[in-house]
Visitor: 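My questions all concern the structure below.
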Amino acid sequence: MPKTPFSAFAFAIALLAVTAAQAQVTVQDAWVRASVPNQKATGAFMRLNAAKNTRLVSVSSPAAPLAEIHEMKMEGDVMKMREVPAIDLPAGKAVDLKPGGYHVMLMDLPKPVKEGDTVPLTLVFEGQDGKRESLEVKAQARAVSASAAPAPAAHGEHKH
Ligand SMILES: [Cu+2]
């Protein structure tokens, strides 16, 4: 059905409204690693860019009853993962959540996340004034081979 000028206009207005409400942090390339049956957890990744200093303090998703903010780090030659209370987002600096680094851990998955699924995530940011703001993003599920993204047990070949 062709778009009428009116609906195109309404759409542009809607986009403007969204942009204005969410000007503090922009999210690019949000994705979730597709899981296999019986896998209880998976990671969500994205690039965050904050206009003002802020912090990502929590994440939730209808796809998982439990979502935590995690960091992966090499300790000696072992990749370790731990929960962190928040991720600092300095003004104007892109911060990547990516395999091998910060990520959102979606836990207790009730069903597998399949390649191509759209996974909604609600990100909560806390500014320096203590004010909280939430942002909805839609992450696309992608299948990623184990060799492209090291599992926690992998070691030795992690280069920067
Ligand atoms: Cu994790």
Side-chain angles (χ1 to χ4, degrees), residues 11 14-15 18-19 21-51 53-90 93-127 130-160:
F11 182 63
L15 273 183
V18 167
T19 308
Q22 302 174 349
Q24 297 302 313
V25 182
T26 54
V27 180
Q28 286 172 280
D29 195 31
W31 64 282
V32 171
R33 189 185 301 182
S35 65
V36 295
N38 299 321
Q39 185 182 340
K40 283 292 166 206
T42 192
F45 311 93
M46 66 201 75
R47 168 168 283 189
L48 298 171
N49 214 316
N53 289 340
T54 188
R55 304 188 312 151
L56 175 66
V57 293
S58 80
V59 180
S60 60
S61 171
L66 186 62
E68 292 180 351
I69 301 167
H70 281 190
E71 181 181 28
M72 234 184 219
K73 254 190 183 167
M74 291 298 287
E75 279 180 24
D77 60 354
V78 181
M79 189 70 105
K80 287 205 171 154
M81 182 161 80
R82 66 187 178 100
E83 187 180 5
V84 292
I87 298 174
D88 283 325
L89 305 174
K93 260 192 197 163
V95 174
D96 285 323
L97 277 63
K98 60 185 179 189
Y102 287 125
H103 56 278
V104 173
M105 202 85 211
L106 300 174
M107 299 160 86
D108 295 340
L109 295 174
K111 60 182 171 91
V113 176
K114 293 200 289 288
E115 186 175 6
D117 281 359
T118 297
V119 180
L121 300 169
T122 302
L123 313 178
V124 180
F125 301 100
E126 188 180 281
K131 269 194 191 147
R132 290 191 171 201
E133 179 181 340
S134 64
L135 179 61
E136 299 273 341
V137 296
K138 300 236 186 291
Q140 205 70 30
R142 292 184 198 159
V144 179
S145 68
S147 60
H155 59 87
E157 295 163 354
H158 197 71
K159 294 195 183 82
H160 291 276

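Owing to the predicted nature of the structure, the values given are computational and were not obtained by experimental measurement. Computed over heavy atoms, backbone and side chain alike; hydrogens, waters and symmetry mates excluded.
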Visitor: Answer yes or no: are there more than 12 heavy-atom neighbours, outside R142 itself, under 6.0 Å from its atom CZ?
Guide: yes

Visitor: Could you state the interatomic distance from CG (D29) to NZ (K98), rounded to the nearest 0.5 Å?
Guide: 12.5 Å

Visitor: Can you give me the closest heavy-atom contact between A30 and M46, atom names plus distance?
Guide: CA-CB, 3.8 Å

Visitor: Just verifying a value: how many Å separate D117 CG and K138 NZ, rounded to the nearest 0.5 Å?
Guide: 13.0 Å

Visitor: Pair up each side-chain donor or acceptor in residues 57-74 with any protein partner under 3.5 Å, not counting sequence neighbours, and list the distances.
Guide:
from, atom 1, to, atom 2, distance (Å)
S61, OG, A63, N, 3.0
S61, OG, P120, O, 2.8
E68, OE1, H70, NE2, 2.7
E71, OE1, R82, NE, 3.4
E71, OE1, R82, NH2, 2.7

Visitor: Quick check: do V144 and R33 have side-chain heavy atoms less than 4.5 Å from each other?
Guide: yes

Visitor: What is the minimum heavy-atom distance between L135 and V25, and which atoms define it?
Guide: CD2-O, 3.6 Å

Visitor: Mind checking the CH2-CG spacing from W31 to L97? Nearest 0.5 Å is all I need.
Guide: 11.0 Å

Visitor: Please identify each residue that fulfils side chain to side chain contact (heavy atoms under 4.5 Å, CB included) with N53, with sequence neighbours left out.
Guide: P90, A91, Q128

Visitor: T54 side chain to E126 main-chain N or O, any donor-acceptor pair under 3.5 Å?
Guide: yes

Visitor: Can you give the donor-acceptor pairs under 3.5 Å from side chains of residues 99-114 to other protein atoms, not counting sequence neighbours?
Guide:
from, atom 1, to, atom 2, distance (Å)
H103, ND1, G101, O, 3.0

Visitor: Would you say I87 and L48 make side-chain contact, with heavy atoms under 4.5 Å?
Guide: no

